[in-house]
Amino acid sequence: MVTAKRVLTALATTAAAALTVTATTASTAAPARPAACGAGYVGLTFDDGPSGNTTKLLGALRQNGLRATMFNQGQYAAANPSLVRAQVTAGMWVANHSYTHPHLTRLSQAQIDSEISRSQQAIANAGGGTPRLFRPPYGETNATVKSVAARYGLTEIIWHVDSQDWNGASTASIVQSVARLTNGQIILMHDWPANTLAAVPRIAQTLASRGLCAGTISPQTGRAVAP
């Protein structure tokens, strides 16, 4: 009888230890990608804000469960700090798009430095935090632009798909552009076009139908990843 009790006790102790190891292993394993995001993450980006359209755009993004990176111009951040704070409150990520949107590759190094540094300061002063991402206006860059951006701890971000919303693209065309995105890729859109605002609900539907989610942009890789 005593022997049987000892055997049962030993078995129970072994089983408990096994369960503990299993639980510990499960808790330390990398979190699984949500089923809804099975195909990965893409980066929705909006340039040139904040503007008179920002409040509506933020409302549409939140209503449709989307997050995005807002590449703000420093001059507009300085003029509209409450909108920069609204971007952060809405769960968006705020990034640097120069101060006045010039052709940086035509400027001197000192002028490029001024554009980037003033925008960093304006965004931080407005409550947007210190940006870690930088998009040169028009996507124009060179070694000097890259080196100045790096001096401020910024990763340069261009795009994989251009929605052409700045060029009068229709709402349907903007949605079709989003449909071309694959895991890790980034799309260029803008804060101000009415057609872009109208496209937001269909953008959300398109991503969901393809198993994609709107993610953040990694400063390490320059690609979209899970928030």
Original post:
With distance as the sole criterion, is a donor-acceptor pair present between the side chains of Q185 and T182 under 3.5 Å?
Top reply: yes
**OP:** Report yes or no: do S163 and D165 form a side-chain donor-acceptor pair below 3.5 Å?
**Re:** yes
Original post:
Just how far is it from atom OH of Y41 to atom CD1 of I186, taken to the nearest 0.5 Å?
Top reply: 15.5 Å
Subject >> Residues R135, T45; criterion side chain to side chain donor-acceptor pair (under 3.5 Å); working and verdict >> reply: CA-CA 10 Å; R135 172 169 288 160; T45 68; 2.8 Å; yes
Original post:
Under 3.5 Å, is there a donor-acceptor pair between the Q111 and S108 side chains?
Top reply: yes
Subject >> Rounded distance [0.5 Å steps], CD1 in I116 versus CG in L104 >> reply: 6.0 Å
Subject >> Test item: side-chain donor near acceptor, Q87 and N72, under 3.5 Å >> reply: yes
Original post:
Just by distance, with hydrogens left out, do H101 and Q73 show a side-chain donor and acceptor under 3.5 Å apart?
Top reply: no
Original post:
Is the H97-F134 ring centre distance short of 6.0 angstrom?
Top reply: no
Original post:
Heavy atoms, side chains only, cut-off 4.5 Å: are L154 and Q120 in contact?
Top reply: yes
Original post:
Does a donor on one side chain and an acceptor on the other come within less than 3.5 Å for E115 and T100?
Top reply: yes
Subject >> T141 and E156: side chain donor to acceptor below 3.5 Å >> reply: yes
Original post:
Side chains of D191 and Y76: is there a donor and an acceptor less than 3.5 Å apart?
Top reply: no
Original post:
Should we say atom CZ of R67 is surrounded by more than 12 heavy atoms from elsewhere, each under 6.0 Å from it?
Top reply: yes
Subject >> Note, I157 side chain near T155 side chain (heavy atom, < 4.5 Å) >> reply: yes
**OP:** Take atom CD of Q63 as the centre, draw a 6.0 Å sphere, and report whether it contains more than 12 heavy atoms from other residues, nucleotides or ligands.
**Re:** no
Subject >> Separation of L61 CG from L44 CG (nearest 0.5 Å) >> reply: 7.5 Å
Subject >> side chain to side chain contact (heavy atoms under 4.5 Å, CB included) between F46 and M92, worked out >> reply: CA-CA 10 Å; F46 295 88; M92 309 304 151; over 6 Å; no
Original post:
So, the side chain of S177 versus the backbone of S173: is there a donor-acceptor pair under 3.5 Å, distance only?
Top reply: yes
Original post:
What is the distance from atom CD1 of I112 to atom OG1 of T105, rounded to the nearest 0.5 Å?
Top reply: 7.5 Å
**OP:** Would you confirm whether T54, through its side chain, and S51, through its main-chain N or O, come within 3.5 Å as a donor-acceptor pair?
**Re:** yes
